[in-house]
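What follows is one structure encoded as structure tokens, with my remarks underneath.
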Amino acid sequence: MPSNNNLKLQDNPYLAHRHPTQRDTGSSRSKSLGVKEPLYGFLPRKVNGDQVRRALEHEINPFTEQPHSAQYKEILDARKKLPVYAQMDDFYKMFTNNQIIVVVGETGSGKTTQIPQFIVYSDLPHTKGKIIACTQLRRVAAVSVAKRVADEMDVELGRHVGYSIRFENMTEPGTTLLQYMTDGMLLSEVMNDPNLERYSAIILDEAHERSLATDILMVLLKASAKKRADLKIIVMSATLDALKFQKYFSVRSNEAVPLFKVHGRTFPIEIFYTQEPEPDYVEAAIRTVLMIHRAEAPGDVLLFLTEEEEIEDVCLKIKLEADDLIDQDPDAVGPLTCIPLYSSLPPQQQQRIFDPAPPPRTKGGPLGRKIVVSTNVAETSLTVDGIVYVVDPGFSKQKVYNPRIRVESQLISPISKASAQQRAGRAGRTGPGKCFRLYTEKDFKNELEEQTHPEILKSNLSTAVLTLVKIGVKDLVRFDWMDAPAPETLMRALELLNYLAALDDEGNLTPLGCIMAEFPLDPQLAKMLIVSPEFKCSNEVLTIAAMLSVPNVWLRPNNQRREADAAKALLTIPDGDHLTMLNVYNEYVNNQHDRNWALTHYLSARALAQADNVRKQLERTMERFEMELVSLSDPVKIYQNVRQALVCGFFMQVAHKEGEKGNYLTVKDNQVVALHPSCGMDTQPEWVIFNEFVLTTRPYIRTVTEVRPEWLLEYAPTYFDLSSFLDGETKRALQRVVNKKAGKSNRDTTKDTRARTRKQKKNK
DNA sequence: CCTGAAAGT
């Protein structure tokens, strides 16, 4: 029976007997009808499971005030089958009685979709003019979960349930009550609203993955919870390290915050270890995959490897060996497809992991098998369905940060126990599975670390530190980190920000630093962009900043390397890779009418489109600070000015050529480096700035541009104060420049004085 | 001399 339709109410025979004054309030009206409004009697945060179950069964959607659709009933029936649905009463008891809760549950338990909805029905954020946020680590997850939950709640996506990710805000202020968002997005909101006043409850999902943004948010939320008794915090994580989160969020020591365990459905996974350590994990991996193909029951295989090249190589080898097997005995094994998976693959090719296994070659013959060979993407961010066998060699490529030389590098290293468990779990998503670990059980127990090091221990923290200083954090070393980064990492970040003049010598934010923090860029890029109007080239520097913030735009397919290199040579500007990037972007824009332009030039259309998006966003931020967008018409002058602006941001990333063997020495850190093979300069200039230092087969500097030493001395006098340099060729070279300049300016001043005297005489 | 793991603002 409808309860909110006035026309129908007047038709109701019972109303005729009521006194007109009784018709004023909605609740008495509904009560007299015997049909309460769906949320009748709900006291925010004191709601129980019975009340919510009744509301869920109600014909009227309490948020849209429209009748529920037929589809709603269907979805609700499916939700009722989730184990977490049966735990509603317990959840509400805990939610009512606690400000902070830790929720654990395995993937597939429904915690990401159900818990936020439970909270909506109890918290009723709209009655306080607030909303509920649920963070996600990835953009795609935020979008897809929001879509699902909007369907479950029978609302239009972007109205009562929405999402907010970079470049895309699918919410409606005043209507949205549940907002999924990336953790980075919430962190950027913190800058202008340190206590997150617009939220009544914040749910941090996948906290166990310990992303940089989540780690920083945890510290800030813990502090906000003390200041704001009305703020509820729910930290959701995988089971393994729940206690660590419970302890961290306890206000009083020794009293952990309560834990809510979401039941899930998991299938058993049998784990096998090797008897002896494997000397060559790649060879062992190929052998194991073929063993599975020959001897195991039908079911797809997921093999974890470390990097693109290795994956492509192994795919070829597996395919060859499988063909050999078939040649030897066509009836023994079925056909096999090998599918590579890594993030830089175009989405269309990533979709191949969802293709079914190949059919048997002959009717009734041995079944086909699909082998997915993947980097860590398949461990957390991409789920391949129908995997029965996992092959885990126990390695992944991981970031390592060395604060001494300010270098982040990628190293192939052993994974953690938590990661091994996660990998094994990928075999049991649709039924019982098997996991083959290519290391011994003893090594698993004794050699692998419990947890993967959180990002905050492996990253350069300059952007994070700038954000924290901006929101007023004073003492970063004694900041309440869950895992404190090395003090040296923090010192390096503070030092960089000080040299860039974002912080003064006391560590206070300068007006420049305040603007830098508002740009979604590394501090060096932000600085270079902010000074660029002074060099009359903000238009160009804006493009370079955008291009440096997106993945590599150059494609170099294994079998077309020569063609790709030739295409690149046509776009190369010999003065420097930064200028080449500028040129590539401009050509991309000039050729936007040609759909195949990127492809025929061996460029990633996806990365270029992303650069375009970033550029637009940065342009809006520039407008906010009334920064001019300017260009010079003289192409020679413009390239020179762009390089000068680059120096203003990247003067700490300079290398000086030593000798004739192509060796460079980084300034001050004195690391011996070489120009990366991708570098497009046709000479080896004496002084270069570089965008990044990478450690692969040897130390390289990548994305390099020639600069003049005079600019270093002029635009970064504090950093290039010669008394702070160790003796060496770099210092001597700079000294020569200083001397020359001094001599020249002495002559200049004398000349000037003479000229002026002449002029003065003339004027007389 | 010889080339990028994943994600995010």
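Heavy-atom distances to DNA chain B give each of L341(A) and T463(A) a nearest nucleotide, and the one nearer the 5′ end belongs to L341(A). Both V140(A) and L675(A) lie near DNA chain B, and the one whose nearest nucleotide falls closer to the 5' end is L675(A).
Along DNA chain B, the stretch of nucleotides lying under 4.0 Å from any heavy atom of chain A spans, 5' to 3', dC2(B) to dT9(B).
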Output a table of donor-acceptor pairs, distance under 3.5 Å, between side-chain atoms of residues 607-616 of chain A and any protein atom two or more places apart or on a different chain; print 'none' if there are none.
| from | atom 1 | to | atom 2 | distance (Å) |
| --- | --- | --- | --- | --- |
| D612(A) | OD1 | Y585(A) | OH | 2.6 |
| D612(A) | OD2 | K616(A) | NZ | 3.4 |
| R615(A) | NE | T543(A) | OG1 | 2.8 |
| R615(A) | NH2 | N539(A) | O | 3.0 |
| R615(A) | NH2 | N539(A) | OD1 | 2.6 |
| R615(A) | NH2 | T543(A) | OG1 | 3.3 |

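By the side chain to side chain donor-acceptor pair (under 3.5 Å) test, Q422(A) pairs with no residue at all, sequence neighbours left out. P454(A) meets the side chain to side chain contact (heavy atoms under 4.5 Å, CB included) test with R210(A), D215(A), I456(A), L457(A), D483(A); sequence neighbours excluded.
Cation-pi contact between K568(A) and W554(A): present, with separation from the ring centre below 6.0 Å and deviation from the ring axis of at most 45°.
Looking at heavy-atom distances under 4.0 Å, F519(A) makes no contact with the nucleic acid at all. Heavy atoms of N552(A) sit under 4.0 angstrom from at least one base atom. When heavy atoms are screened at a 4.0 angstrom cut-off, T697(A) is found touching the sugar-phosphate backbone but no base atom. Contact annotation for K661(A): no contact, since no heavy-atom pair falls under 4.0 Å across all strands. The residue R139(A) sits close only to the backbone: its heavy atoms come under 4.0 Å of sugar-phosphate atoms, none of a base. Across all strands shown, S211(A) has no heavy atoms under 4.0 Å from either base or sugar-phosphate atoms. Counting non-hydrogen atoms under 4.0 angstrom, R138(A) reaches the backbone sugars and phosphates but no base.
Pairs engaging residues 463-472 of chain A under the side chain to side chain donor-acceptor pair (under 3.5 Å) rule: K470(A)-E518(A) [sequence neighbours left out]. Among pairs with a residue in residues 547-557 of chain A, those fulfilling salt bridge (Lys or Arg N to Asp or Glu O under 4.0 Å) read R556(A)-D565(A), at least two apart in sequence or across chains.
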